[in-house]
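Below: one structure, written as structure tokens.
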Amino acid sequence: MSTPFPFTAVVGQDDLRLALLLNAVSPAVGGVLVRGEKGTAKSTAVRALSALLPAVDVVSGCRFSCDPAAPDPACPDGPHEGGAFESRAARMVELPVGASEDRLVGALDIERALAEGVKAFEPGLLADAHRGILYVDEVNLLHDHLVDLLLDAAAMGASYVEREGVSVRHASKFLLVGTMNPEEGELRPQLLDRFGLTVEVAASREPDQRVEVVRRRLAYDDDPAGFAVRWAEEEAAVRQRIVAARELLPSVRLGDGALRQIAATCAAFEVDGMRADIVMARTATALAAWAGRTVVLAEDVRQAALLALPHRRRRNPFDAPGLDEDKLDETLEECGGSDEGSGDGGEGGGDPDPDDDGPGGGGGQPSPEDGGPGGGDTAARPEAGEGGEPQPSGAGAGEQSPVRAAEPFRTKVLSVPGLGEGAAGRRSRARTEHGRTTGARRPRGALTKLHLAATVQAAAPHQRARGRSGPGLVVRRDDLRQATREGREGNLVLFVVDASGSMAARQRMSAVKGAVVSLLLDAYQRRDKVGLVTFRGSSAEVALPPTSSVDAAAARLESLPTGGRTPLAAGLLRAHEVLRVERLRDPARRALVVVVTDGRATGGPDPVALASRAAGLFAAEGTASVVVDCESGPVRLGLAGRLAGELGGTAVTLDELRADSIAGLVRDVQGAQGAHDAQRTRRTTQRRAA
């Protein structure tokens with residue numbers, strides 16, 4: 001077993017170390033989500049924490065780590081009454097991003113089922129992590145079916161397995177720690193809310209600190225064991241402080257004044273639900289215990305807010321997490337100090353020295369590089385200049401300067417029909433290696449995912465003919481069945497945007513750009529590749545070749561000028577060429593073409609017929625397509641809908657693109673139906689009266 005990097009040897013990263021230590025003091029805080037760029041010691045610090053956790057007592061021989069003082073009455077290895085127990089180090093279990101469902105929750109013990117003919121449960125990672133740490137590196141890349149299972153276990157404190165004739169329930173209470181690089185996508189809101197605290201980490205810009213990081217890392221790589229010995233004294237001191245804080249924790253008093261500050265802060269930042277209030281209260285209590293006090297002070301409430309609220313406050317889609325510290329201070333001041341007196345240390349004894357809090361005991365302020373509240377503008381893009389923009393080829397007279405995109409919104413889910421086999425993602429249905437099991441088939445080539453129930457069912461009718469005499473099952477190769485799984489894939493979303501003069505009304509183009517930015521955000525969250533083709537004047541251009549960088553697409557869109565004729569056919573042909581090249585590079589990734597236009601076609605001889613023939617190329621190849629109809633005004637020609645028919649796709653208006661448009665449509669229909677019914681009732685009453 002390799003020697004882990006010592007926790008106390010991590011340079012800087014005070015917020016990260018403090019958040020991890022608070023969870024070590026009080027696991028009820030709910031875990032930590034660590035966000036930051038690569039190479040910032042996120043994983044190193046998390047893995048080093050396990051060495052500082054106190055040992056745990058477990059029932060001897062229990063695979064589910066039952067506490068001998070309060071064993072789980074439903075433990076599959078139970079009952080445990082008066083049994084022997086042993087002490088062991090707290091576990092840190094790593095959940096790989098590519099883990100299977102069976103590995104996470106457990107499954108039927110295939111070896112015993114086939115050899116002995118008995119049903120036996122083989123525990124998974126959720127059982128191993130009970131009373132320890134469950135660590136997920138790159139948690140934002142975790143497959144959705146695993147996220148669902150993780151949410152269930154985190155919410156209920158237990159794991160339920162109902163599959164392949166096995167029905168098992170076992171306790172699974174763990175400290176959830178995740179690390180992620182926001183550049184690779186965001187977390188689902190449900191999972192994000194399950195993390196008690198969040199911290200943003202970034203590499204230091206101080207040369208001296210960077211030198212010390214390199215010096216310590218090189219020393220550790222040369223002699224891990226010797227390096228650990230040099231830091232053993234500091235490690236032991238922190239370990240003892242964690243034990244002392246745990247013992248003090250039940251004595252810490254959270255007064256009404258501190259509770260009012262917590263409630264007022266959560267209300268001021270408009271967090272959803274009550275979990276934020278509870279997490280803040282537990283964090284403030286843990287902070288007091290870590291500082292050796294028995295009373296919660298205003299400074300504890302402030303620090304708890306900085307750790308517990310950034311990922312819970314309501315913000316626009318492209319806003320960076322963070323809190324407005326001036327607003328936080330105003331809220332705490334308006335609510336007044338805690339009733340124990342936040343200035344004199346209360347009954348905790350003495351004025352705490354913020355510089356004497358040991359590892360991670362510092363101020364916990366977010367880095368100025370985080371940008372504070374709403375770091376950056378809505379789409380995290382620079383302002384488009386009014387002049388000096390390079391003119392694309394074919395720019396005609398009457399070109400207008402770029403306009404800003406309207407506020408993004410949550411869009412409907414646009415997906416590719418059918419069942420694909422592309423890279424894992426979150427958009428369209430696909431056959432995947434990791435996903436829910438949907439059936440079984442004979443293996444084509446090597447067997448990779450055994451479907452046990454189907455295999456047993458195939459072998460069962462032949463047992464007498466094969467001379468079976470014992471409990472074991474006689475299985476031949478022809479009996480083996482491969483499990484078929486279904487999950488979600490990422491697609492290539494190619495935007496074909498009309499930037500001609502017919503779209504040039506500033507308010508209209510702002511709404512169009514806002515819709516495309518919203519779709520780009522959706523593509524970012526669903527792990528798609530995106531591309532951008534624009535057409536105006538006399539030609540079309542690839543503004544952005546297919547890429548995973550959605551920010552680049554948003555930036556190109558922001559600086560897009562408008563004006564000139566509408567070469568719709570040129571735009572479609574250029575998009576068709578982009579797809580042809582991309583299929584050669586990545587044949588498994590299916591494409592979704594999103595054409596944003598009012599459907600008009602001008603310029604050149606017979607532009608409408610040319611556009612119709614170009615659209616027919618997509619229909620002939622079966623390429624999934626959606627036309628976002630940007631036509632406005634009281635008189636509508638329906639050209640976008642006609643284009644969608646020629647593409648073999650569907651058409652949606654800008655209003656229908658919103659995720660809440662269906663609910664609004666239902667309300668409108670119900671309201672119209674109600675008015676119609678009321679009018680019919682009045683007419684009936686009038687006829688009867690006459």
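Count residues from 1 along the sequence.
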Pair E486 + R429: basic N to acidic O under 4.0 Å
yes

Electrostatic pair D300-R293, nearest N-O below 4.0 angstrom
yes

Decide yes or no for V296 and R253: does some side-chain heavy atom of the first lie under 4.5 Å from some side-chain heavy atom of the second?
no

Would R169 and D72 pass as an ion pair if we require N to O under 4.0 Å?
yes

Determine, step by step, whether F85 and D67 satisfy the side chain to side chain contact (heavy atoms under 4.5 Å, CB included) criterion, reporting the C-alpha distance in whole Å, the side-chain angles of both residues, the deciding distance to 0.1 Å, and the verdict.
CA-CA 9 Å; F85 68 92; D67 186 352; over 6 Å; no

Option among T179, V201, L197, T40 that satisfies the side-chain contact (heavy atoms from CB on, under 4.5 Å) test with L16
V201

Give every donor-acceptor pair under 3.5 Å between a side-chain atom in residues 43-56 and any protein atom, sequence neighbours left out.
unit_1: S43; atom_1: OG; unit_2: Y135; atom_2: OH; d: 2.7
unit_1: R47; atom_1: NE; unit_2: E94; atom_2: OE2; d: 2.8
unit_1: R47; atom_1: NH2; unit_2: E94; atom_2: OE1; d: 3.1
unit_1: S50; atom_1: OG; unit_2: R47; atom_2: O; d: 3.1

Should D57 and E86 count as side-chain neighbours, where that means a heavy-atom distance under 4.5 Å?
no

Inspect the contact between R427 and E489 and indicate whether a charged nitrogen and a carboxylate oxygen are less than 4.0 angstrom apart.
no

Partner residues of H170 under the ring pair (Phe, Tyr, Trp, His ring centres under 6.0 Å) criterion, sequence neighbours left out:
F64

Heavy-atom pair with the smallest gap, counting every atom of L146 and A99
CD1-O, 3.2 Å

Sequence-distant partners of K42, side-chain hydrogen bond (donor to acceptor under 3.5 Å, both in side chains), two or more places apart
none

Determine whether the side chains of D479 and T455 contain a donor N or O and an acceptor N or O closer than 3.5 Å.
no

Between Q13 and D15, is the side-chain hydrogen bond (donor to acceptor under 3.5 Å, both in side chains) condition met? List the steps.
CA-CA 6 Å; Q13 307 297 10; D15 289 348; over 6 Å; no

Answer yes or no: does atom CD of Q457 have more than 12 heavy-atom neighbours from other residues, nucleotides or ligands under 6.0 Å?
no

P79 side chain near P73 side chain, heavy-atom distance below 4.5 Å:
no

S65 and R88: side chain donor to acceptor below 3.5 Å
yes

